[in-house]
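First the proteins, then the strands, lettered A, B, ... as listed; each starts at 1.
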Amino acid sequence: MTDLVKDSIREILYKSLEKVFPSIYGVDGEPSEKSVEVSRSKDARFGDYATNVALTLSKKLGLKPRDSARTILGAIPLAPDFIENCEIAGPGFINFKISSAFWKQKLTSIHDRKNLYGHANAADQPLVLIEFVSANPTGPLHVGHGRGAAVGDCLARLLRFRGYKVETEYYVNDAGNQMKILGRSLLLRYQELLGKNIEFPGDHYQGDYIKELAQGLKGTALGNELESLSFDEALPLASDFACHRILEGIQEDLRVFGVNFDRYFSEKSLYAQDAIKKALDELTKRDKLENREGAIWFKMSGDEDEKDRVLVRASGEPTYFAADIAYHKNKLDRGYESLVDIWGSDHHGYVPRVKAGMDALGYAPDKLRVMLVQFVNLIRDGKKISMSTRSGEFVTLREVLDEVGTDAARFFFLTKRSDSHLDFDLDLAKRQSRDNPVYYVQYVHARIASIFRIAVERNVDSDISDPDLSALDLPEEEAIMKSLADFPDMLAEAADAMEPHRVTFYLVELSDLFHSYYHDNKVLTQDDRVRKARLFLVEAVRQVIHNGLSILGVTAPDRM
RNA sequence: GCGCCCGUAGCUCAGUUGGAUAGAGCAACGGACUUCUAAUCCGUAGGUCGCAGGUUCGAAUCCUGCCGGGCGUGCCA
């Protein structure tokens, strides 16, 4: 049984189509022709849902669209608890008018399923691994990482809610050149602290957090050990220490942000398993490598990427790209059938490379789906705050969380499609008014909770069992019921498109409907029958707001 | 130069994967509080969907070429 309204309509359509056009929709029909598009109608004059099958069929059948529409129409059964009416409109659309009994049935199902309304158990779903954030452990998370964290975490929650099998992973780049630079940065700051004259190179990590780490070393056993060793001997110890400390800080920031990874995957462990060498051997076997100028190159074939790329430097050290090929191979070998990577959009040029790497190793490149997340501009007092990671002048995620809170931050990161630039207005995120969507949505939840509180205070009966739903006869009430019924459809489509921002837009629209209804209509009326039905309705709104917010990882407060 | 992404109301953005008369919020203007939270609501106004072609019953959406913005094009990550 589907929980999707569109699928219910599709089922009926299929049966009708099988009857009237068996050559296409019968058992012998082409499977690819069997998908039928059903869409919500934006204009009430066109009913509630519409399909364009008659239009898409017309060519194949050599019929006029309106004629085939008429044939299909004749086979669609009308029912008092579902399709009340359907008619042909425009060039050949079939519009469906859904009966109000159907919406009321859906409303009741929200009360039956509660926190599970919109949730689906899907069988035979592939195992998905979502990798996100994966910021180098060389400094604290900044605001841009926050957006990736919010998008990845909400996507994981959304997919899980819709029955996908999902795991999440953070790839820790704890190997390679940047770890050496990190260690050197720390050692130099430590020496500086001990009163030595040092020269701090421009390409080292400038941030104050390095100085703070150095400060923390003073007087410790590790600090003393570092002092007694030569610079080169001390370096790996310093790198390790800095990496661990910074990673702990990152994990703490993520915890505050409500993001929990199933796994932190260490790049070092790839070296420990010899995974990079094995991947390179495999590529050699497949004749994908070439020695040139002392380095080992990946041979790109034509349309994959514009030019060959180095995998092993002349120095003998593998590049990040080599590790990444080994990492993606490792992910697939661990049994994940579908990989989702969430990257900053400045890495977009990297997508064809990694896919070419997978392809060369014999894996289907379309198993990897890369979501690119655009940059975030922080706005204060209407002006952009300048940020530059190099100079160490950047706003950390933690600072933003301390200022606006986790709820506002998470919600804001999802108020735009992830592939467009996001202006994060700090003043707006703290404002308590209509233009701040977080408060607007949370306020719906608080208002409804308040209605039930007041009912208790005033000794008004707020029992909602066995309501008489015929009391819900206002057009606003039907509009709310339609929106609530659409929640599972919206989630399914958002999950399919991997667009968690649709959840935020849905919640704002539902909130619009509610606030307007609340303003014009009293829920706690004298009329027992009306009151009970309206309480039943608003409780369902509260439940859906709650379920939607929980997918976003945002709290649904009872009081504000 | 080449590649990827973007261009929708004054501003910030949606637009159900090609559907019917392109939608919200903010800002502007005008209204609504003896009320279940006014942290709200109602109304007015605002458009050559960057430009020009093409594909078809039908284009903001797909194709081509321009214009403008961002990013990439490291033996950096």
[X], nearest nucleotide to its side chain (from [options]):
X        : options                : answer
A:Asp512 : B:rA39, B:rC75, B:rC41 : B:rC41
A:Arg434 : B:rC41, B:rA39, B:rG72 : B:rC41
A:Phe505 : B:rC13, B:rA77, B:rC75 : B:rC13
A:Ala295 : B:rC75, B:rA39, B:rU16 : B:rC75
A:Trp297 : B:rC75, B:rA20, B:rU73 : B:rC75
A:Leu55  : B:rA39, B:rU40, B:rC57 : B:rC57
A:Ile454 : B:rC36, B:rU40, B:rC71 : B:rC36

Determine the interatomic distance between [atom1] on [N] and the same-named atom on [M]; round to the nearest Å.
N      : M      : atom1 : answer
B:rA45 : B:rG10 : P     : 16 Å
B:rU61 : B:rC6  : C1'   : 14 Å
B:rA20 : B:rG15 : P     : 15 Å
B:rG47 : B:rU35 : P     : 41 Å
B:rU8  : B:rC13 : P     : 9 Å
B:rC67 : B:rG53 : C1'   : 15 Å
B:rA9  : B:rU73 : P     : 32 Å
B:rU17 : B:rA60 : C1'   : 13 Å

Kindly say if [X] contacts the phosphate of [N], meaning a side-chain N or O under 4.0 Å from OP1 or OP2.
X        : N      : result
A:Lys522 : B:rU35 : no
A:Ser420 : B:rA14 : yes
A:Arg447 : B:rA38 : yes
A:Tyr506 : B:rG15 : no
A:Arg458 : B:rC36 : yes
A:Arg417 : B:rC5  : no
A:His347 : B:rC5  : no
A:Arg40  : B:rG23 : no
A:Thr319 : B:rA77 : no
A:Arg313 : B:rC76 : yes

Looking for any heavy atom pair under 4.0 Å, which part of the strands does [X] touch: base, sugar-phosphate only, or nothing?
X        : value
A:Asn52  : base
A:Pro91  : base
A:Ala455 : nothing
A:Glu293 : base

May I ask you to decide whether A:Asp435 forms a salt bridge with A:Arg431, counting only side-chain N to carboxylate O separations under 4.0 Å?
yes
Which atom of A:Arg66 lies closest to which atom of A:Gly90, heavy atoms considered:
NH1-O, 2.6 Å
Please confirm whether any donor atom in the side chain of [X] sits under 3.5 Å from an acceptor in the base of [N], or the reverse.
X        : N      : value
A:Asp435 : B:rG25 : no
A:Asn95  : B:rA20 : yes
A:His348 : B:rC71 : yes

Round to a whole Å and report the spacing from [atom1] of [X] to [atom2] of [N].
X        : N      : atom1 : atom2 : value
A:Arg431 : B:rU12 : CZ    : P     : 15 Å
A:Asp419 : B:rA14 : CG    : P     : 8 Å
A:Gln526 : B:rC36 : CD    : P     : 11 Å
A:Arg369 : B:rC4  : CZ    : C1'   : 17 Å
A:Tyr49  : B:rG19 : OH    : P     : 17 Å
A:Gln432 : B:rU40 : CD    : P     : 10 Å
A:Asn377 : B:rG70 : CG    : P     : 12 Å
A:Arg531 : B:rC36 : CZ    : P     : 14 Å

Under 6.0 Å between the ring centres of A:Phe413 and A:Phe424?
yes
is_close_aromatic(A:Phe46, A:Phe93), centroid dist under 6.0 Å:
no
Please tell me if the side chains of A:Gln442 and A:Leu549 come closer than 4.5 Å, counting only heavy atoms from C-beta onward.
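Side chain of A:Gln442 against side chain of A:Leu549, heavy atoms only: contact under 4.5 Å found.
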Ring centroids of [X] and [N] base under 5.5 Å with planes under 30°:
X        : N      : answer
A:Tyr440 : B:rA39 : no
A:Tyr518 : B:rC36 : yes
A:Phe46  : B:rA20 : yes

Ignoring hydrogens and geometry beyond distance, is a side-chain donor-acceptor pair present between [X] and [Y] at under 3.5 Å?
X        : Y        : value
A:Asp419 : A:Gln374 : no
A:Glu477 : A:Tyr517 : yes
A:Arg447 : A:His515 : yes
A:Gln178 : A:Thr138 : no

Syn/anti state of B:rU17 by chi, 90° boundary around 0
syn
Any strand: nucleotide that pairs with [N] via Watson-Crick or wobble, under 3.5 Å:
N      : value
B:rG1  : B:rU73
B:rG58 : none
B:rA39 : none
B:rG25 : B:rC11
B:rG65 : B:rC51

Most 5' of A:Arg453 and A:Asn177 on RNA chain B, judged by nearest nucleotide
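Closest to the 5' end, via its nearest nucleotide, is A:Arg453.
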Assuming nearest nucleotide by heavy-atom distance, tell me which of A:Asn436 and A:Thr51 is located more 5' along RNA chain B.
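Residue closer to the 5' terminus by nearest nucleotide: A:Thr51.
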Neighbour count above 12 (heavy atom, 6.0 Å) for A:Lys277 NZ:
no
